[in-house]
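For reference, the structure is listed below as structure tokens.
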Protein chains: 2
Amino acid sequence: MLPRGRPRAMGAAVLLLLLLLVVGFFLFGRDPDYGLGTTATLDEDPYRSRNLSASSPQLLLPPKCEVMLHVAIVCAGYNSSREIITLTKSLLFYRKNPLHLHLITDAVARNILETLFRTWMVPAVVVSFYDAEELKAGRTLRSCSARPTFFFLSAPLVSWIPNKHYSGLYGLMKLVLPSILPPSLARVIVLDTDVTFSSDIVELWALFDHFSDKQVVGLVENQSDWYLGNLWKNHRPWPALGRGFNTGVILLWLDRLQQTGWEQMWKVTAKRELLTLMATSLADQDIFNAVIKEHPHLVHPLPCVWNVQLSDHTRAERCYLEAADLKVIHWNSPKKLRVKNKHAEFFRNLHLTFLGYDGKLLRRELFGCPNQFPPGAEQLQQALTQLDEEEPCFEFRQQQLTVHRVHITFLPHQPPPPQPHDVTLVAQLSMDRLQMLEALCRHWPGPMSLALYLTDEEAQQFLHFVETSPVLSMRKDVAYHVVYRDGPLYPVNQLRNVALAQALTPYVFLSDIDFLPAYSLYDYLRASIEQLELDSRRKTALVVPAFETLHYRFSFPNSKAELLTLLDAGSLHTFRYHEWPQGHSSTDYSRWREAQAPYSVQWSADYEPYVVVPRDCPRYDPRFVGFGWNKVAHIIELDAQEYEFLVLPEAFSIHLPHAPSLDISRFRSSPTYRNCLQALKEEFHQDLSRRYGSAALKYLTALQQARSRA
Amino acid sequence: MLPRGRPRAMGAAVLLLLLLLVVGFFLFGRDPDYGLGTTATLDEDPYRSRNLSASSPQLLLPPKCEVMLHVAIVCAGYNSSREIITLTKSLLFYRKNPLHLHLITDAVARNILETLFRTWMVPAVVVSFYDAEELKAGRTLRSCSARPTFFFLSAPLVSWIPNKHYSGLYGLMKLVLPSILPPSLARVIVLDTDVTFSSDIVELWALFDHFSDKQVVGLVENQSDWYLGNLWKNHRPWPALGRGFNTGVILLWLDRLQQTGWEQMWKVTAKRELLTLMATSLADQDIFNAVIKEHPHLVHPLPCVWNVQLSDHTRAERCYLEAADLKVIHWNSPKKLRVKNKHAEFFRNLHLTFLGYDGKLLRRELFGCPNQFPPGAEQLQQALTQLDEEEPCFEFRQQQLTVHRVHITFLPHQPPPPQPHDVTLVAQLSMDRLQMLEALCRHWPGPMSLALYLTDEEAQQFLHFVETSPVLSMRKDVAYHVVYRDGPLYPVNQLRNVALAQALTPYVFLSDIDFLPAYSLYDYLRASIEQLELDSRRKTALVVPAFETLHYRFSFPNSKAELLTLLDAGSLHTFRYHEWPQGHSSTDYSRWREAQAPYSVQWSADYEPYVVVPRDCPRYDPRFVGFGWNKVAHIIELDAQEYEFLVLPEAFSIHLPHAPSLDISRFRSSPTYRNCLQALKEEFHQDLSRRYGSAALKYLTALQQARSRA
């Protein structure tokens with residue numbers, strides 16, 4: 001039953017493995033974290049050698065760890081990137097073998113998924129990326145010398161195929177996988193992004209052993225009547241064997257496909273059919289079916305449970321009512337989760353299980369599988385286990401070491417067009433501040449980059465919140481970056497750094513979520529940057545004076561004059577005037593009242609103004625978690641790097657009232673918490689002295705004075 | 001391999017089934033929802049008749065739906081009740097067959113778990129309760145005529161056995177299960193509460209078929225060296241075969257146990273060993289092992305993966321490093337999740353999966369299994385599917401129909417001693433108000449009943465929050481009831497009703513979480529109730545006047561005099577004076593300033609004071625979900641039932657500032673939301689007219705006047 005020539009292929013695989021290692025470096029050299037975990041042992045497959053009879057109904061599973069399972073998925077855009085994560089969670093939940101994901105993506109999905117997988121740090125998972133846009137356009141990658149030829153053997157043009165399916169051209173990309181994936185890869189499971197696993201994928205992989213010599217493609221029969229035709233007048237589907245096959249789940253025997261001349265075969269069929277049918281309706285699926293109709297010996301039919309299709313007019317019920325097990329659910333209706341199905345609730349629940357599943361729980365190792373840790377994970381694990389649980393600041397130490405999963409641009413986003421004076425508002429929040437977003441959008445018409453600290457479940461609530469808000473769903477210039485919760489302390493500065501790193505304009509306004517900027521602030525800041533002839537090399541921090549109101553309902557001032565009236569009437573105060581005046585005293589509010597032009601101010605102890613700075617400004621110090629001193633340290637860093645603080649005479653923003661956060665409550669009630677914060681401050685100053693030498697002396701002096709006063 | 005006499009046993013089972021139905025009614029007649037789902041088809045087991053050879057290594061699983069799997073668990077107290085829920089979630093997640101849970105509980109666990117399972121509404125799950133306290137005391141239940149004798153055949157005394165294990169006497173109860181469980185029940189799986197499943201329990205059930213004729217107990221070998229002895233000087237364990245067996249997971253062949261004279265057997269052995277050993281160290285496990293040492297033919301050893309024991313000095317690693325699958329994890333160390341184990345992180349993640357798993361997702365049916373819905377569930381499902389998703393108030397309708405899972409007394413609780421004038425503070429909150437709890441505890445030294453609206457994950461965060469707060473962990477008179485989140489609108493009145501139903505004192509103070517009562521309020525209320533000679537039959541609502549501050553940090557007044565000073569200084573206001581004066585105008589604050597004695601006030605439109613009423617007061621109307629009118633409707637109900645409103649001259653409570661809730665933000669920004677609320681009001685008034693006739697006219701008039709003003 002084994003394909004002839006296997007030993008030779010195995011030898012070639014070893015050689016290719018070495019090549020891949022070298023080439024991987026060039027391909028992804030800029031980002032050393034392109035893949036996770038161990039080196040991929042491409043298709044070293046002991047299971048294959050056990051010579052199982054394909055006629056045996058018995059399913060022998062390969063031993064754990066020893067087989068690397070390969071999965072290819074085409075994924076483009078923001079929404080598919082969210083889908084693929086849910087699919088991946090369901091895969092990881094049940095799997096007991098190492099996985100190699102081959103992701104064919106556009107630039108958007110690649111950006112999102114590279115960050116996600118790098119920060120997810122799942123052991124025994126390797127991820128490789130392939131550029132879908134180049135494939136779509138059909139540039140022959142042989143000519144692109146920076147990329148290895150054998151990664152993209154004769155990548156064909158798919159954009160010549162007219163297609164009416166909602167998946168667009170990306171759907172067609174499954175046809176060219178045999179040419180895209182490394183030739184060393186003998187077999188691969190191809191999945192649509194809209195499937196959910198409810199079993200171990202190794203059971204699906206084991207079905208390769210049921211293939212006869214001639215079979216190259218494993219598919220589940222289509223569960224709708226589409227290919228039978230006559231669904232409506234002039235309904236003319238592509239030709240198919242019986243009710244045809246569905247391509248949401250495919251077992252592809254790649255090396256055999258190459259041998260049978262697959263590329264030529266599907267092109268000939270597609271071109272011929274397109275003469276009469278004009279376009280594909282169901283993308284790649286039409287072409288797969290037309291080829292199979294002509295060459296039925298190529299297909300190995302799979303049990304229906306491996307692709308239970310929940311489209312509107314489905315016969316899926318026949319499948320799952322008889323089966324004890326559902327293996328893979330396929331949401332192959334454009335309505336997705338809202339599909340009408342008698343048992344929709346059941347299937348939704350399976351899907352929601354992984355939608356809300358805490359992804360960090362999947363960072364579990366596979367026992368007995370060697371060398372499975374992604375780069376850095378093992379060292380991190382060691383550092384974490386070396387912490388002393390009895391030490392009073394243990395929670396702080398643990399939180400600082402935590403690597404949070406990060407899903408950048410969680411929702412569709414249109415990056416702002418490049419403009420030399422543009423400013424992005426940068427802030428972070430958790431679930432309890434969602435209700436600020438609409439007001440913020442009304443006050444700031446420009447781009448925003450917001451980090452949200454959420455559980456996986458909350459991320460779904462957030463999605464619903466945005467989708468049902470007319471104000472928020474309209475705004476495509478707000479980028480939301482989800483940082484997944486892990487640990488008891490709010491990692492405020494890590495969140496700020498994520499939002500800051502994703503800002504795309506030359507300048508950023510470093511704000512907080514409880515502040516509403518003056519309606520005119522966005523325009524005013526851009527005008528000021530232009531007038532002051534700032535450029536991003538000049539180290540200037542424009543100060544936006546901060547005020548606060550204590551009233552729930554409050555009529556926001558339309559001008560500086562109105563603001564001053566409210567201030568004099570006692571309806572407004574300068575920010576934290578009663579509790580923490582040193583935080584903003586350097587801004588010099590009395591000078592600001594009269595000022596007509598920007599004026600320069602000097603740093604003083606505990607200064608923490610809200611500032612506009614070039615995007616490449618210093619990052620926030622991530623050691624400050626929870627409440628306290630997180631902005632102060634950043635302003636010190638700016639001052640140490642000789643940024644000039646320039647207060648803008650017409651700029652202001654106003655803090656709205658809210659209940660104290662859990663962290664501030666703990667700060668107030670726990671002496672340990674306050675002691676730990678003090679320890680962090682001292683460590684920060686030691687680092688500062690190390691980096692800036694005697695120039696950092698003034699900060700230390702200020703700290704010591706504060707301590708002697710306390 | 002089949003036990004002889006099976007056909008007779010089957011006939012008996014059918015007869016017993018009928019008897020059980022009748023008897024179940026008597027046993028649980030007071031609470032018709034004692035069990036969930038379909039009628040239990042006790043042990044009708046088609047799988048059993050398939051005559052599998054026990055020597056066959058092949059595991060044939062019974063067809064889905066056809067076998068009812070029986071599981072017995074001993075559970076006592078608050079903490080075990082939380083544990084058993086996590087265990088149950090893991091069971092339900094993987095199961096594909098109907099389940100019958102036999103829970104041997106104390107009164108505390110029964111109270112919690114009956115509510116939980118009734119509101120959980122999982123299809124194809126039956127729950128039966130057995131009274132552990134009676135068993136422990138050893139009362140012979142034959143004499144208790146209200147209970148069926150065959151449910152408690154010769155329930156033996158276990159309290160005579162001296163036991164040093166942390167599980168206390170409850171651990172020993174596993175020995176008497178053959179006498180407790182219905183004789184119709186041939187086989188049962190017995191589980192400790194501290195196990196987590198990571199596979200389908202039907203695979204464990206299938207191992208009964210590997211038993212030889214003589215074997216009656218299936219057990220996994222112990223994975224510690226305990227029974228080998230000599231762990232320390234004078235370490236003398238009970239006798240055991242080799243390293244002995246662990247009793248965290250037991251397959252019990254009940255009818256065979258009865259036949260072999262199990263009861264006599266273990267008692268003889270236990271009494272003999274106790275002559276020299278004085279007490280059991282590991283509860284039932286010591287006795288099981290001593291019996292097996294004497295009668296080794298009784299035990300069927302199970303594969304180690306079915307009870308991977310994570311105690312401190314465990315050999316479990318040998319088991320799971322070799323196995324591809326872990327089936328059941330057993331946290332059998334007193335340290336539980338904090339056990340030191342090289343792979344602790346892995347196991348913790350498996351456990352946390354179900355700790356944080358959204359239990360409502362387990363409300364999924366088993367396909368092809370007939371008649372599996374718990375009482376009411378099918379009708380509810382129909383009502384939900386009949387809602388029109390396009391209707392503007394769909395979300396409101398859906399939220400009103402939602403049955404939330406309820407976990408009463410989530411944390412250990414000491415009910416207050418019965419006192420005729422005692423008052424419980426009743427309130428509800430979600431995660432964003434946790435930080436109010438400590439302050440509330442300082443202001444209210446009396447009993448509280450609080451409903452918390454949380455996800456399963458948040459419930460764990462809440463647990464951690466209470467455990468790490470010195471103020472909260474001290475207070476055992478605060479009962480926390482978790483209502484699990486489901487749906488987009490805050491079910492405020494359903495939450496209030498849960499908290500109200502669990503209040504145990506004759507009076508309740510119906511408050512809100514953002515209010516802090518005067519320090520003296522608890523004492524003052526009790527004194528007032530006594531002085532006014534109220535009794536719970538007199539319909540009086542004592543009004544506690546409400547104030548508000550807009551300041552984060554605020555020095556709480558120690559007396560009415562201090563409060564009046566703050567009020568005059570403008571640091572305090574009467575509650576919602578600016579936004580919603582009609583809510584409290586009837587309280588008549590100017591009269592209150594001068595009042596020396598309680599005074600009576602009349603209802604007026606939109607009145608919503610905070611009141612102290614007898615515990616049996618009318619419930620809140622659950623149709624009001626989200627923001628608006630939820631308290632107003634309750635006060636109307638009190639007025640319609642002719643409660644007298646009596647303002648207390650020295651009582652007050654003060655509202656602290658917080659950001660507007662999501663619901664109030666939606667109310668303000670969405671005309672649809674406001675229209676839906678208006679529709680709810682009108683329906684409420686129609687019901688009111690129906691119930692109170694012309695007496696309800698004044699409320700309708702007030703509503704119409706308000707509408708004409710709007």
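As the structure is a computational prediction, the values presented were derived from the model and not from experiment. The sequence lines fix the lettering, A, B, ..., with proteins before strands; numbering per chain opens at 1. FYI, side chains are in, hydrogens and waters are out, and symmetry mates aren't considered; it's all heavy atoms of this structure.
Put simply, the residue from B/T353, B/D358, B/L362, B/L361 that forms a side-chain contact (heavy atoms from CB on, under 4.5 Å) with A/T353 is B/L361.
The line from CZ of A/R433 to CG of B/D432 is 9.0 Å long, rounded to the nearest 0.5 Å. Between the CD atom of B/Q461 and the OG1 atom of A/T455 there is a distance of 7.5 Å, given to the nearest 0.5 Å. Note: A/F93 CZ to B/L350 CG = 7.5 Å, rounded to the nearest 0.5 Å. To the nearest 0.5 angstrom, A/L326 atom CG is 9.0 Å from B/K96 atom NZ. A/E458 contributes atom CD, which lies 7.5 Å from atom CD of B/E457 (distance to the nearest 0.5 angstrom).
Taking the six-membered ring for Trp and the full ring otherwise, the centers of B/Y94 and A/Y94 sit at least 6.0 Å from each other.
Surrounding OH of A/Y577 are at most 12 heavy atoms belonging to other residues, nucleotides or ligands under 6.0 Å away.
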